[in-house]
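First up is the structure itself, then whatever we jot down about it.
Note: hydrogens, waters and symmetry copies are ignored here, and every other heavy atom, side chains too, is used. Only a predicted model underlies this, so the values are computations on that prediction, with no experimental measurement involved.
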Amino acid sequence: MNKTVKNAEEAIKDIQDNATLMLGGFGLCGIPENSIAALVKKGVKGLTCISNNAGVDDFGIGLLLKTHQVKKMISSYVGENAEFERQLLSGELEVELIPQGTLATRCLAAGYGMPAIFTPAGVGTEVAIGKETRTFMVDGAEKEFLMEMAFDADFAIVKAWKGDTQGNLVFRETARNFNPMMAMAGKITIAEVEELVPAGELNPDHIHTPGIYVHRIFQGVNYEKRIEQRTVRTR
Amino acid sequence: MLDKVGIAKRIAKEIKDGYYVNLGIGIPTLVANYIPQGMNVVLQSENGLLGMGPFPFEGEEDPDLINAGKQTITTVPGSSFFDSAMSFGMIRARKVDLTILGAMEVADNGDIANWKIPGKMVKGMGGAMDLVASAKNIIVAMQHVNKANESKLLTKCTLPLTGVKCVKKIVTELAVIDVTPQGFKLLERAPGISVEQIKNATEGKLIIEGEIPEMIID
């Protein structure tokens, strides 16, 4: 089952205006750089983006914000982006902030075929407003949980380190982050990888995301892998 | 009065051998520098790492290896990587022994506010709501009073909450305080600070029992 497509342009060619996209990455780490560039080039508008962060002004999802292609962001943290702030304050952009673990687990639920999850995150805060709650016994005490729904995304776009032609994926270090469960959660999942190998070359024991979840895969080019906060120590 | 490093040093004394610890951004990050030598402590970074090491040497930065503050870091022997769902899974399942984070306000029932100031740009809660809702033990590193000299240890938080009835201990520039079912309980004074000064800086209910010792910081 060969899932290979030529490049990012081909992988995203049927993404239409007003689509809901999941985009992997944490900050600028492990983001699908090639696909974001292709989305900017294609110019699709009115996108709803589910992504932990919103990039910076001139990189990551920030590039899609600059071109006014994003209608709504669903994220846990959206700092470090002046254009984002401007669009938010002017009402051009809608933002839904949700706890990071809730974001991750709502992706997971979608990939596991579960309609909802129960989490204690946000109980008693404005995150809980309008949400159904349930009380369960935890460690011998009653504890309240919020019901949060699985995400429903048209496309998930993820970045992996290595992948094979069957769509099996291997991630590297903390660039894994949201990528595996977003890969599981998209109706159509697009994976861009640094190294694409023929099926059989990856050790089946080392695969993080089985190819069944991945519909299209391509080898990306010219990865910039920008560092957001370069912190070092002296020898 | 303690400076930021003093607060970090005092909190480091709360860490025990064998602990898995999640450190928030700001003063909590500094705590890592004062964990006693020889103590076996594993730092969790909620973007998907157990066994966070120090910053890399110049030239050895790896863009794939960052912490939750998006800083370049390293691993230590025995580290492991995982995805964000598992990361918050281990937090929710109370596998992490201690969470240390900052706060804008804490109430005497353990409520915490640290993510949003109405009227200001809201950046988001990140993982803070998940951490405070599930952690077994939460220590807050914070300033006792704001710039206008108003208490941040309150009867009731005025800012939007991050979590309810969750904070166990607070270390400020003035004091170490336990959050008990009866209210804030004063445990220790910062060097040179009187009980009276702490009382005046605390709006929430403050319980003072017996002699309050001055904290010992190496």
Segment of Asp139(A) engaging chain B (4.5 angstrom heavy-atom cut-off) = side chain
request  = With a 4.5 Å cut-off on heavy-atom pairs, point out which of Met181(A), Arg226(A), Arg106(A) contacts chain B the most.
outcome  = Met181(A)
Portion of Val132(B) that has a non-hydrogen atom of chain A nearer than 4.5 angstrom = neither
ask   = Do we see a donor-acceptor contact under 3.5 Å between the side chains of Thr231(A) and Gln229(A)?
value = no
key: Which atoms of Phe55(B) approach chain A - backbone, side chain, both or neither, heavy atom under 4.5 Å   = both
message = Given heavy-atom pairs under 4.5 angstrom as the criterion, report whether the side chain, backbone, both or neither of Val127(A) touches chain B.
response = side chain
ask   = Would Arg176(A) count as a cation-pi partner of Phe81(B), with NZ or CZ less than 6.0 Å from the six-membered ring centre and within 45° of the ring normal?
value = no
request  = Let me know if Thr162(B) has heavy atoms under 4.5 Å from chain A in its side chain, its backbone, both or neither.
outcome  = backbone
query = What part of Leu89(A) lies closer than 4.5 angstrom to a heavy atom of chain B: side chain, backbone, both or neither?
reply = neither
request  = Return the option, out of Pro120(A), Gly124(A), Ala54(A), with the maximum number of heavy-atom pairs under 4.5 Å with chain B.
outcome  = Pro120(A)
Stacked cation flag Lys95(B) on Tyr20(B), 6.0 angstrom / 45 deg = no
ask   = Between Thr202(B) and His144(B), do the side chains contain an N or O donor and an N or O acceptor separated by less than 3.5 Å?
value = yes
query = Would you call the rings of Phe136(A) and Phe145(A) parallel, tilted or perpendicular if under 30° counts as parallel and over 60° as perpendicular?
reply = perpendicular
message = Can you tell me which of Met86(B), Gln71(B), Glu46(B) forms the most heavy-atom pairs within a distance under 4.5 Å of chain A?
response = Gln71(B)
key: Residue among Ala128(A), Gly122(A), Cys29(A), Gly30(A) with most heavy-atom pairs under 4.5 Å to chain B   = Cys29(A)
key: Contact leader toward chain A among Leu49(B), Leu65(B), Val164(B), where contacts are heavy-atom pairs under 4.5 Å   = Leu65(B)
inquiry  = Quick check on Thr102(A) against chain B: is it the side chain, the backbone, both or neither that has a heavy atom closer than 4.5 Å?
reply    = both
Structural part of Asn53(A) lying under 4.5 Å from a heavy atom of chain B = side chain
query = Hey, which of Gly89(B), Gly126(B), Pro63(B), Ala133(B) has the most heavy atom pairs under 4.5 Å with chain A?
reply = Gly126(B)
inquiry  = Please tell me whether Asn22(B) and Thr99(B) have a donor and an acceptor in their side chains that are separated by less than 3.5 angstrom.
reply    = no
request  = Quick one: which of Ser80(B), Gly59(B), Ala113(B), Ala68(B) has the most heavy-atom pairs under 4.5 Å with chain A, could you say?
outcome  = Ala68(B)
inquiry  = Go through it in stages, so that I can follow the logic: the residues are Asn47(B) and Ser45(B), the test is side chain to side chain donor-acceptor pair (under 3.5 Å), and I'd like the CA-CA distance, side-chain angles, deciding distance and then a yes or no.
reply    = CA-CA 6 Å; Asn47(B) 56 321; Ser45(B) 189; 2.6 Å; yes
request  = Assess the side chains of Thr155(B) and Glu203(B): does a donor N or O sit below 3.5 Å from an acceptor N or O?
outcome  = yes
key: Residue from Arg172(A), Lys159(A), Lys162(A), Gln219(A) passing side-chain hydrogen bond (donor to acceptor under 3.5 Å, both in side chains) with Glu194(A)   = Lys159(A)
ask   = Hey, is Asp97(B) close enough to Lys136(B) for a salt bridge, meaning N to O under 4.0 Å?
value = yes
Chain B contact via Phe171(A) - side chain, backbone, both or neither, heavy atoms under 4.5 Å = neither
Distance-only polar pair, side chains of Glu105(B) and Thr158(B), donor-acceptor under 3.5 Å = yes
inquiry  = Quick check on Asn67(B) against chain A: is it the side chain, the backbone, both or neither that has a heavy atom closer than 4.5 Å?
reply    = backbone
ask   = What residue in Leu131(B), Asp64(B), Asp111(B), Leu161(B) has the most heavy-atom pairs under 4.5 Å with chain A?
value = Asp64(B)
task = Please state whether the side chain, the backbone, both or neither of Ala128(B) comes within less than 4.5 Å of a heavy atom of chain A.
result = neither
query = Considering only heavy atoms, which portion of Lys165(B) lies under 4.5 Å from any heavy atom of chain A: side chain, backbone, both, or neither?
reply = neither
ask   = If you measure only the distance, is there a donor-acceptor pair under 3.5 Å linking the side chains of Glu148(A) and Thr105(A)?
value = no
Contacts under 3.5 angstrom, residues 185-193 of chain A side chains, donor-acceptor by atom type, not counting sequence neighbours:
| unit_1 | atom_1 | unit_2 | atom_2 | d |
| --- | --- | --- | --- | --- |
| Lys187(A) | NZ | Asp152(A) | OD1 | 2.6 |
| Thr189(A) | OG1 | Ala183(A) | O | 2.8 |
| Thr189(A) | OG1 | Tyr213(A) | O | 3.4 |
| Glu192(A) | OE1 | Asn34(A) | N | 3.3 |
| Glu192(A) | OE1 | Ser35(A) | N | 2.7 |
| Glu192(A) | OE1 | Ser35(A) | OG | 2.7 |
| Glu192(A) | OE2 | Glu33(A) | N | 3.3 |
| Glu192(A) | OE2 | Asn34(A) | N | 3.0 |
| Glu192(A) | OE2 | Tyr223(A) | OH | 2.6 |

inquiry  = As an exercise: rank Pro54(B), Gly48(B), Gly163(B) by heavy-atom pairs under 4.5 Å with chain A and give me the winner.
reply    = Pro54(B)
